[in-house]
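First comes the structure, then the notes that go with it.
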Amino acid sequence: METAVIVAGLAAEAVVWWLVATRRADVWRLMPPVLSAMGVAAVAVRPPVAAGATDATIALAAGLAAGVALYLATRAFVWVASRWGPFRRDVLETYGQAGDVTLATTLVLSLAIMVPAEELFWRGLVQAHLQGATAAATAALATWAAYIGVNLASRSQPIVAAAIVGGAAWAGLAWWSEG
C-alpha cells in the first residue's frame with residue numbers, strides 16, 4: 001500500500017508542476033489540494049515519527065533553525081541571482097502566478113498546508129519507506145533525488161533550486177533526527 005501511495009504522490013506532484021509549467025493550472029489553486037491529499041495519504045499509511053534517537057525538542061529547534069537559515073539564504077540567493085535575466089524571469093513568472101491571491105493567503109497556503117503536507121509525504125513516507133529497504137543515508141539521498149526529479153517538471157529555475165537546497169536540508173534533518 002505504501003508503494004502505491006508513493007508512486008501516486010510522485011506522479012501527482014509531477015503532473016501538477018507540469019500543468020503549472022504549461023500554464024494549464026495555477027500553482028496556488030492546484031498545489032495546495034494535491035499536496036494536502038498527499039500528506040493525508042502519507043499519514044494514513046505510515047503515521048509520522050517526530051524523532052527517533054534524537055530528542056524531539058532538539059530536533060524541533062534544529063528544524064526551526066534550518067528553516068530560518070534556508071529562508072535567509074533563499075532571500076540572499078534570489079537577490080543575487082535575480083540580476084541574471086533568465087532567473088529573474090522565472091522568479092517573476094512563478095511568483096506572479098499568485099495574481100489575485102493575497103500575500104496572507106499565499107503564506108497560509110505555503111506554511112500551513114503545502115510545506116507540512118510535502119514534508120509528511122517526502123520525509124515521513126518516502127524517506128521512511130526507503131529506510132526499510134536500504135541504509136538511512138541511501139534513503140535520504142534517494143528521497144532527495146526523487147524530490148528534485150519531481151520538481152524538474154516545474155521547468156522553473158527557482159523551484160528546482162529550492163528543491164536542490166531545501167530537499168537536501170530536509171532530507172538531511174530527517175536522516176539525522178530519524179524522524
Side-chain angles (χ1 to χ4, degrees), residues 5-6 8-44 47-48 50 60-127 143-144 146-171 173-174:
V5 170
I6 290 169
L10 269 67
E13 191 168 353
V15 166
V16 169
W17 277 127
W18 178 79
L19 289 170
V20 168
T22 58
R23 303 208 185 285
R24 291 178 172 92
D26 180 316
V27 68
W28 299 109
R29 289 184 182 23
L30 191 54
M31 194 62 85
V34 169
L35 288 177
S36 294
M38 290 166 56
V40 168
V43 170
L60 177 63
L64 289 172
V68 169
L70 279 171
Y71 172 78
L72 295 173
T74 299
R75 295 296 303 242
F77 176 78
V78 169
W79 182 78
V80 171
S82 66
R83 274 123 180 83
W84 182 51
F87 189 86
R88 181 178 51 252
R89 184 188 67 246
D90 274 4
V91 169
L92 293 173
E93 285 178 12
T94 299
Y95 295 101
Q97 288 183 9
D100 60 345
V101 179
T102 66
L103 177 60
T105 300
T106 59
L107 288 173
V108 168
L109 290 174
S110 296
L111 299 175
I113 297 172
M114 294 165 61
V115 169
E118 203 168 40
E119 290 310 305
L120 287 168
F121 179 80
W122 285 100
R123 268 51 82 183
L125 176 60
V126 176
Q127 190 165 334
T143 301
W144 179 47
Y147 183 64
I148 293 167
V150 164
N151 281 271
L152 284 171
S154 71
R155 297 192 290 190
S156 168
Q157 294 176 40
I159 296 298
V160 173
I164 292 168
V165 177
W170 300 128
L173 281 170

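Below, each value reflects all heavy atoms present in this structure, side chains not excepted, and no hydrogens, waters or symmetry copies.
- In terms of heavy-atom proximity, A42 sits nearest to L120 at CB-O, 3.5 Å.
- Two residues are said to be in side-chain contact when any heavy atoms from C-beta on lie closer than 4.5 Å; L10 and W122 meet this criterion.
- Taking all atoms of both residues into account, the shortest heavy-atom contact from A14 to A153 is O-CB, 3.4 Å.
- Annotation: the span from I159 atom CD1 to I164 atom CD1 amounts to 12.0 Å, rounded to 0.5 Å.
- Remark: N151 CG to E118 CD distance equals 6.5 Å, nearest 0.5 Å.
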Report task. Applying side-chain contact (heavy atoms from CB on, under 4.5 Å), run through S154 and V20 and close with a yes or a no. Result -> CA-CA 7 Å; S154 71; V20 168; over 6 Å; no
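- Residues L35 and F121 form no side-chain contact, since every pair of their non-hydrogen atoms from C-beta on lies 4.5 Å or further apart.
- Smallest separation of non-hydrogen atoms from S36 and I113: OG-CG2, 3.0 Å.
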**Report entry** Test log, rule side-chain contact (heavy atoms from CB on, under 4.5 Å), inputs W17 and R155
**Finding:** CA-CA 8 Å; W17 277 127; R155 297 192 290 190; over 6 Å; no
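- No side-chain heavy atom of W170 sits less than 4.5 Å from a side-chain heavy atom of Q127.
- Counting all heavy atoms, side chain and backbone alike, A174 lies closest to R123 at CB-CG, 3.4 Å.
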